[in-house]
Amino acid sequence: MTAGDSYGRLDDDDYPAYTMGRAAEMLGTTQGFLRAIGEARLITPLRSAGGHRRYSRYQLRIAARARELVDQGTPVEAACRIVILEDQLEEARRINEEHRAGTGPQRTADT
């Protein structure tokens, strides 16, 4: 991988650029919280060659939303479920909007 390849990935929301320690620091939480939301299957961090967890910016945004809910008194498991449902709803809305705009998958007479 060249330096140019690395710089290009800085804009990639899915690139696992952050270590667990750095992710926890950025979110103002503990590594234990990140482990808990991983165990609840809210996010699945990628693993480095050495087995260390790596998080993407997208995953950090999801974790931040879960942390907001937990800070408001929602149990971790429930917060994770809420965030998953919110994400699914947003995806469904996006798909509906694409269909309304005519940019979604086109239906044929056979479907």
Side-chain angles (χ1 to χ4, degrees):
M1 176 182 298
T2 67
D5 294 338
S6 297
Y7 290 132
R9 292 185 177 194
L10 293 176
D11 291 333
D12 184 353
D13 268 359
D14 295 318
Y15 182 68
Y18 303 98
T19 64
M20 177 180 267
R22 180 68 179 130
E25 180 183 314
M26 290 171 67
L27 295 172
T29 191
T30 64
Q31 293 181 15
F33 175 77
L34 292 173
R35 283 187 205 96
I37 64 174
E39 289 171 9
R41 298 178 192 249
L42 177 61
I43 58 175
T44 303
L46 273 79
R47 298 283 182 149
S48 69
H52 299 282
R53 292 174 180 89
R54 300 286 180 172
Y55 298 88
S56 68
R57 289 189 310 204
Y58 174 74
Q59 290 173 323
L60 295 183
R61 283 195 300 274
I62 290 173
R65 175 63 181 133
R67 181 163 185 254
E68 286 176 22
L69 293 168
V70 169
D71 288 350
Q72 294 170 3
T74 306
V76 171
E77 289 282 337
C80 290
R81 185 67 183 140
I82 289 168
V83 173
I84 289 167
L85 291 170
E86 287 174 343
D87 195 50
Q88 289 172 344
L89 177 60
E90 182 59 33
E91 177 69 6
R93 286 180 174 160
R94 184 191 61 76
I95 291 169
N96 282 340
E97 188 57 37
E98 286 177 1
H99 282 286
R100 284 189 190 118
T103 59
Q106 301 298 315
R107 300 187 94 187
T108 63
D110 296 336
T111 58

Rounded to the nearest 0.5 angstrom, the CD-OG1 distance for E25 and T30 is 13.0 Å
Task: Note, T19 side chain near Y55 side chain (heavy atom, < 4.5 Å) - done: no
Of all heavy-atom pairs linking Q59 and T44, the shortest is NE2-O, 2.9 Å
Minimal heavy-atom distance between Y58 and D14, with the atoms involved, is CB-OD1, 3.8 Å
Heavy-atom side-chain contact between R35 and R53 under 4.5 Å
yes
**OP:** Check whether any side-chain heavy atom of V70 sits under 4.5 Å from a side-chain heavy atom of I37, and report yes or no.
**Re:** no
Any donor-acceptor pair under 3.5 Å from R67 side chain to L27 backbone: yes
- prompt: Mind checking whether V83 and M26 sit in one hydrophobic cluster, side chains of I, L, V, M, F, W, Y counted as touching below 4.5 Å?
  reply: yes
Look only at the side chain of E77 and the backbone of A40, and say whether a donor-acceptor pair between them is shorter than 3.5 Å.
no
Between the CD1 atom in I84 and the CD1 atom in I62, the distance rounded to the nearest 0.5 Å is 9.0 Å
Under 4.0 Å between a side-chain nitrogen and a carboxylate oxygen: does that hold for E98 and R94? yes
May I ask you to say whether E68 pairs ionically with R65, meaning some side-chain N is under 4.0 Å from a carboxylate O?
yes
May I ask you to decide if A78's main-chain N or O and T74's side chain share a donor-acceptor pair within less than 3.5 Å?
-> no
For S56 and Y18 the tightest heavy-atom approach is C-CD1, 4.4 Å
Of all heavy-atom pairs linking A66 and L42, the shortest is CB-CD2, 3.7 Å
**Asked** Is the shortest side-chain N to carboxylate O distance from D13 to R61 below 4.0 Å?
**Response** yes
- prompt: Is there a side-chain contact between R54 and P45, using heavy atoms and a 4.5 Å cut-off?
  reply: no
Distance col, row S48:OG vs M20:CE, nearest 0.5 angstrom, shows 11.5 Å
*asked:* According to a hydrophobic-cluster definition based on side-chain heavy atoms being under 4.5 Å apart (Ile, Leu, Val, Met, Phe, Trp, Tyr only), do F33 and I82 belong together?
replied: yes
